[in-house]
Number of protein chains: 2
Amino acid sequence: MKIAISGKGGVGKTLLAALLTRTFAEAGYSVLAIDADPDANLAATLGFPEPEKLIPISEMKDLVEERTGVKSGTTAPLFTLNPKVDDIPDKYALKSDGIKLMAMGRVKKGGSGCYCPESALLQSLVAHLLLARDEVVIMDMEAGIEHLGRATASAVDKLIVVVEPWRRSVETAFRVRQLAQDIHLENVAVVANKIRSQPEKEFIISSLPGFQFLGFIPYDQALVDADVANRPLLDASQNIIGEVKNIYQALIATA
Amino acid sequence: MKIAISGKGGVGKTLLAALLTRTFAEAGYSVLAIDADPDANLAATLGFPEPEKLIPISEMKDLVEERTGVKSGTTAPLFTLNPKVDDIPDKYALKSDGIKLMAMGRVKKGGSGCYCPESALLQSLVAHLLLARDEVVIMDMEAGIEHLGRATASAVDKLIVVVEPWRRSVETAFRVRQLAQDIHLENVAVVANKIRSQPEKEFIISSLPGFQFLGFIPYDQALVDADVANRPLLDASQNIIGEVKNIYQALIATA
């Protein structure tokens, strides 16, 4: 099972990724969690003991150079576009409680054709993770799907777009679905988060016609209180945990 | 006055940028508002009549090619690193109520050295906006400061980091300040947003020692209700408007 999570910044992608990761791990699956959002901190949210020890792949300059033949940060005209990556998850992932965790780091393409050695490495790595691994892979992404492409789209069992009752997050859902359709990725579904009331739930349903809904996670002040008090987030709200278990059930039923 | 706004996704950067833009415009300033966050929609938040008409500069393929000498999306080894940009704001900005508005679009560097013609154009444009224009410039950015560099840092009167009572947004503030210090940009200040209670305010103050605070914007359900009901956001909450006016006063007093 390969799950990618996208949505506007701040909607709760990382919390959903962390809770789904733990739910799959507790059910006995091997889970590889991928932090592909430089603005997120999946390691800390998952409660990994030393989250600062997780070095993003794009910042491993020696690894980038070793595998692509080109120094990180340079613009050599030629480098290996299919670098060896299959050993990277086992060598470089942090491991805790049956969960492997990797971070991709900050690498973007400008326009459609400016490649760097870092992005060649990450692209190959994502293709390997999605096409060749037999773990459950859960990838926490940004407000787009830039690590995915036509070659990997068919391997994504579900692209989850997280929304909250806020118009801009709904617009992002449409934009993400369009990007997904452009690469023939049709398995898109929505998880609504931070729902405070029935009108907010209805707003989201009526704003997103044609989308599959996997679940509606309630807003819970207990989560914010836990965060402010520096208590672990994953156990802060039984309401949220319960709804994520429903989402997990829906995922294994439909994927 | 040149103001840049950063912070974690979802904290409310765009709303603050829009309210500050309107406050400066109402006080008689010429304001150039820059949407530099592809995940935002400053045009819609400002209430521009046809926000979809704002084409991001990086997507103007003819302009990119005309000014850099290189086709957008290609990787030519040589292109103009100092393209002509001084006419772009007047030619390509949308205008409404004394406000000029531009969007930068999606262009990122991979690592430190992979340049594209789009990013050369945007970099020159940002330098022009910050160094050579006499308008008030308000730039809504992502969770970093990637459009800024050593050459432009000294022109930024204030880099505002928006935070909310949520640990990850505080961590982003530290990261943004570090990035700012790396380019010798010292005028960093915090605006706290979505404050629901005194303990939440105290959490933010105690979590950010050494930061200047420009203001504390209260959480107001009226804003969410207005958004869900598709009413304009800028006039939805007098509490929020009042606090942004205080922030405006603090900015003109200190910058």
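In what follows, every chain begins at residue 1, and chains take the letters A, B, ... in the order their sequences are listed. This is a predicted model, so every value here is computed, not measured.
- Residue Glu164(B): no heavy atom, backbone or side chain, is found under 4.5 Å from chain A.
- Within the 4.5 angstrom heavy-atom criterion, atoms from both the backbone and the side chain of Thr45(A) approach chain B.
- Residues of residues 167-181 of chain B lying under 4.5 angstrom from chain A, judged on non-hydrogen atoms, are Arg167(B), Arg168(B), Glu171(B), Thr172(B), Arg175(B) in numerical order.
- Remark: the backbone N or O of Gly7(B) is paired with a side-chain donor or acceptor of Lys13(B) at under 3.5 angstrom.
- For Asp39(B) (side chain) and Gly9(A) (main-chain N/O), a donor-acceptor pair under 3.5 Å exists by modelled atom type.
- Met60(B) is not listed as a side-chain neighbour of Leu121(B), based on a closest heavy-atom distance of 4.5 Å or more.
- Side chain of Thr152(B) to backbone of Leu148(B): no donor-acceptor contact under 3.5 angstrom is found.
- Between Met102(A) and Leu125(A), some side-chain heavy-atom pair lies under the 4.5 Å cut-off.
- The only option from Leu159(A), Val126(A), Leu129(A), Asp35(A) that meets the side chain to side chain contact (heavy atoms under 4.5 Å, CB included) definition with Met139(A) turns out to be Val126(A).
- Ile240(A) pairs with exactly one of Leu234(A), Asp220(A), Asp235(A) by the side chain to side chain contact (heavy atoms under 4.5 Å, CB included) rule, that one being Asp220(A).
- Of the listed residues Asn230(B), Val11(B), Leu233(B), the one with more heavy-atom pairs under 4.5 angstrom with chain A than any other is Asn230(B).
- Of the atoms belonging to Glu59(A), not a single heavy atom falls under 4.5 Å from chain B.
- Between Val162(B) and the choices Leu16(B), Leu15(B), Thr14(B), the side chain to side chain contact (heavy atoms under 4.5 Å, CB included) rule is met once, by Leu16(B).
- Within the 4.5 angstrom heavy-atom criterion, atoms from both the backbone and the side chain of Ala44(B) approach chain A.
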